[in-house]
Amino acid sequence: MTDVHAPQSESQPGSVAAEGAAGRLPGGAGRPAPSAGWLRWGWRQLTSMRTALVLLFLLALGSIPGSILPQEGTDAGAVQQYYVSHPGLAPWLNRLDLFNVFASPWFAAIYLLLFASLVGCVVPRCFKLVGTARTPPPRAPRNLARLPHSSSYASALPPEAAVARAAEILGGQRFRLRRPDAGGTDYWVSAEKGYLREVGNLLFHLALLGVLLSIAAGGLFGYKADKLLVEGQSFADTTSALDEFHPGRLVSGSDLPPFTMTLNKFTATYIQSGQSLGQPENFNANVSYASSPGAKPGTYNIRINDPLSVDSLKVYLIGHGYAPEFKVTSADGSVTYNAATPFIPASTSTFLSDGVVKAPGAATGTDLGFMGVFVPTAISNNGTLESIFPAADDPAVSLIAYYGNLGLNDGVPQSVYQLDTTRMTKLSAAPHLLTPGQTWTLPNGKGSVTFVGVKQWVSLAITYDPGQVPALVCGMLALAGLLLSFFVRRRRVFVRAVPAASGTGSVVTVGGLTRSDASGGFEEEFTELAAEIAAAEPNAGPNAGPTAEPSNKSEPGA
Amino acid sequence: MFKAKRRTVVTTTAVAAVLLGGALAATLLTSGSGKASASAGDGIVEYPAGHRPLAPDVTGTSLTGSPIRLSSYQGKTLVLNFWGSWCPPCRGEGTTFAELDKSYGPKGVAFLGDDVADTPANALSFTRSAGITYPSISDNGYLVVADFSQAGVQVSDTPTTVVIDKTGHVVGMVLGAALYSQVTTLINDAAVSS
């Protein structure tokens with residue numbers, strides 16, 4: 001991507017301008033088929049820097065709705081909510097796939113084209129760089145004094161021997177050499193150094209391809225999943241156990257590594273005093289895991305930015321909350337519900353959380369449902385329950401009880417965080433406050449509910465990205481290649497010798513130039529090199545001034 | 001000069017638009033065919049004879065604490081239902097399984113549940129209300145599901161019902177809430193193969 005693939009003509013193939021520029025007529029002898037011309041033109045357009053930039057811009061533009069509109073993949077509930085609040089607009093947005101931007105065909109089309117554009121640009125460039133790296137130095141120019149750097153000295157040696165001596169010096173300094181064919185009367189040597197620049201350039205381009213392929217591999221073979229886990233609960237890595245599962249294009253449920261995990265304990269510590277009171281200090285999820293059911297188990301403390309690595313995937317800790325434990329007893333005294341129930345934090349600073357408990361009864365219409373608010377450190381502010389600290393120092397729940405039909409036996413999926421009260425009646429006008437161990441005997445003999453205690457839950461992100469490490473390696477190689485191409489100079493040194501006018505010895509001219517000297521320093525290098533070549537003479541003449549004379553330097557009297 | 005520049009911009013934009021349109025059409029066509037091939041008829045997967053995976057020999061504990069071993073069901077057609085009391089479709093199909101058990105139990109068909117991500121108290125409350133008398137493995141950690149997955153039988157969602165023949169091979173499965181007729185189809189398949 002370091003060059004611009006400008007089309008040979010801005011006009012379309014087949015147009016008068018294009019034909020005029022090429023100096024050929026359509027259908028003329030030796031002219032390729034028109035379709036081939038169109039294809040070549042299209043490919044040239046696709047692989048041009050302009051098109052790549054337009055596509056990159058479109059990619060950025062296309063990502064915007066993905067970040068401002070709720071997305072199916074990350075928050076399906078929010079999408080439903082958007083439908084409710086924007087009934088007219090939402091169906092249109094859905095038709096344009098704007099609720100699932102990153103999996104939409106038009107977004108895929110943009111990045112596939114961008115990928116093709118980049119590959120089409122980088123691959124030919126790589127071949128070109130290989131060619132450049134293999135090219136031998138050019139023949140020495142006739143007049144070396146015209147080069148940006150040059151010097152000359154008188155040598156006692158005949159021209160051939162003087163050039164051979166200079167070639168020895170240059171070869172010793174790992175210059176690539178080129179000599180004239182044997183038998184000629186022209187005595188010169190061309191030397192070139194700094195091919196590492198081309199190697200760096202090539203490495204950069206290949207690494208760029210590697211980055212693209214790594215990202216593609218991650219998208220095809222990787223997957224992401226989310227799982228909410230309460231203390232004491234376990235799960236195996238199967239699609240039915242995962243709350244969210246976003247597989248790559250070539251991933252199916254059978255590809256999931258069969259690791260198992262149990263959340264033993266979650267600990268969160270908060271700042272206890274000062275201005276930052278209540279700010280989180282540390283999170284630690286202690287888990288037991290095994291790479292497959294029945295394999296040797298291990299334990300690990302997952303922390304923020306310290307994921308668990310198992311079966312070549314990573315498990316990150318991305319959220320937490322409280323899961324109060326409830327025991328619900330029906331009117332006939334049988335236990336209908338006994339479990340820890342995850343509540344969702346409404347405030348991340350105080351962890352005041354909302355949730356519902358659904359306790360289906362033995363017969364239709366005898367269900368009990370509860371809407372609850374959980375506060376980890378409770379205070380009563382003018383009769384309103386509030387939380388003043390995120391740790392569960394003084395937990396309490398406030399419950400509103402309902403009796404009737406929860407609709408669970410209808411067979412229709414429903415959210416575990418919402419209570420459908422359309423077929424239920426409220427059992428008490430005011431919420432009932434419970435602390436751990438307390439039981440509320442419901443009015444009218446409908447049963448009871450006990451707030452048994454508090455557990456915590458964690459939200460885990462499970463990711464498998466086979467392209468991550470290769471992308472990192474390729475990224476580092478690309479950087480190394482870029483540095484090489486920036487700091488290594490491609491420089492040429494020429495030595496030419498002609499017989500001296502006196503008849504013995506020769507006059508040797510050394511010239512040098514660099515194709516890029518952004519970092520500077522070639523002038524000093526040339527001066528030292530010229531001095532070294534001159535000093536290698538057994539008896540250099542009195543006017544052997546190994547002085548670098550830039551050719552553009554004005555001569556006295558000129 | 002400016003005209004030439006404008007023409008370049010217009011040409012580039014037009015090319016990008018045409019390419020984008022083509023790629024979009026190609027992607028839409030590809031994704032369309034993918035969806036069509038993914039749809040399994042009526043939620044039933046039937047393995048052809050000779051290609052039926054062997055069910056894993058899972059062990060577990062019932063909701064009441066008794067040990068359960070899958071291999072002990074060999075010699076009988078087994079209907080294994082993966083469910084949870086928290087899952088409305090599972091509750092919806094509960095009475096269907098109670099009826100199936102009553103009809104096919106006396107004919108030598110065994111029924112077993114695998115209760116995932118649940119507590120025994122919640123699960124037993126449901127089985128009592130639905131009239132289900134056959135046992136269920138308490139599979140809080142989806143271990144039985146993982147074992148089946150390893151054996152090549154993807155229990156990709158809850159509920160799923162797997163039918164195993166007398167030789168321990170999986171005849172087929174119903175994905176999602178099962179209908180009475182779907183389960184009897186697989187029971188009949190198992191009877192034919194055995």
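The sequence lines fix the lettering, A, B, ..., with proteins before strands; numbering per chain opens at 1. Bear in mind that the values here come from a model prediction, so they are computed numbers and not experimental data.
Note: A/A241 leads A/A340, A/A241, A/A116 in heavy-atom pairs under 4.5 Å with chain B. Heavy-atom pairs under 4.5 Å with chain A were tallied for B/A130, B/P89, B/P159, B/S129; the largest tally goes to B/P89. Between chain B and the options A/D410, A/D237, A/L408, heavy-atom pairs under 4.5 Å are most frequent for A/L408.
Proximity to chain B involves both the backbone and the side chain of A/T239, based on heavy atoms less than 4.5 angstrom apart. Proximity to chain B (any heavy atom under 4.5 Å) is restricted, for A/V412, to the backbone atoms N, CA, C and O. Both the backbone and the side chain of A/T336 come within less than 4.5 Å of a heavy atom in chain B.
Rounding to the nearest 0.5 Å places CG of A/N409 at 6.0 Å from CZ of B/F126. Put simply, OG on A/S240 and OH on B/Y142 are 5.5 Å apart, with the number rounded to the nearest 0.5 Å. Between A/Q414 atom CD and B/C87 atom SG the span is 10.5 Å, to the nearest 0.5 Å.
Inspection of non-hydrogen atoms places B/T119, B/A121, B/N122 of residues 107-122 of chain B under 4.5 Å from chain A. Residues of residues 143-158 of chain B lying under 4.5 angstrom from chain A, judged on non-hydrogen atoms, are B/L143, B/V145, B/A146, B/D147, B/S149, B/Q150, B/Q154, B/V155, B/S156, B/D157, B/T158 by number. Residues of residues 91-104 of chain B lying under 4.5 angstrom from chain A, judged on non-hydrogen atoms, are B/R91, B/G92 by number.
The salt bridge (charged side-chain N to carboxylate O under 4.0 Å, His left out) check on A/D332 picks up nothing, with sequence neighbours excluded.
Within a 6.0 Å radius of CZ in A/F57, other residues, nucleotides and ligands contribute 12 heavy atoms or fewer.
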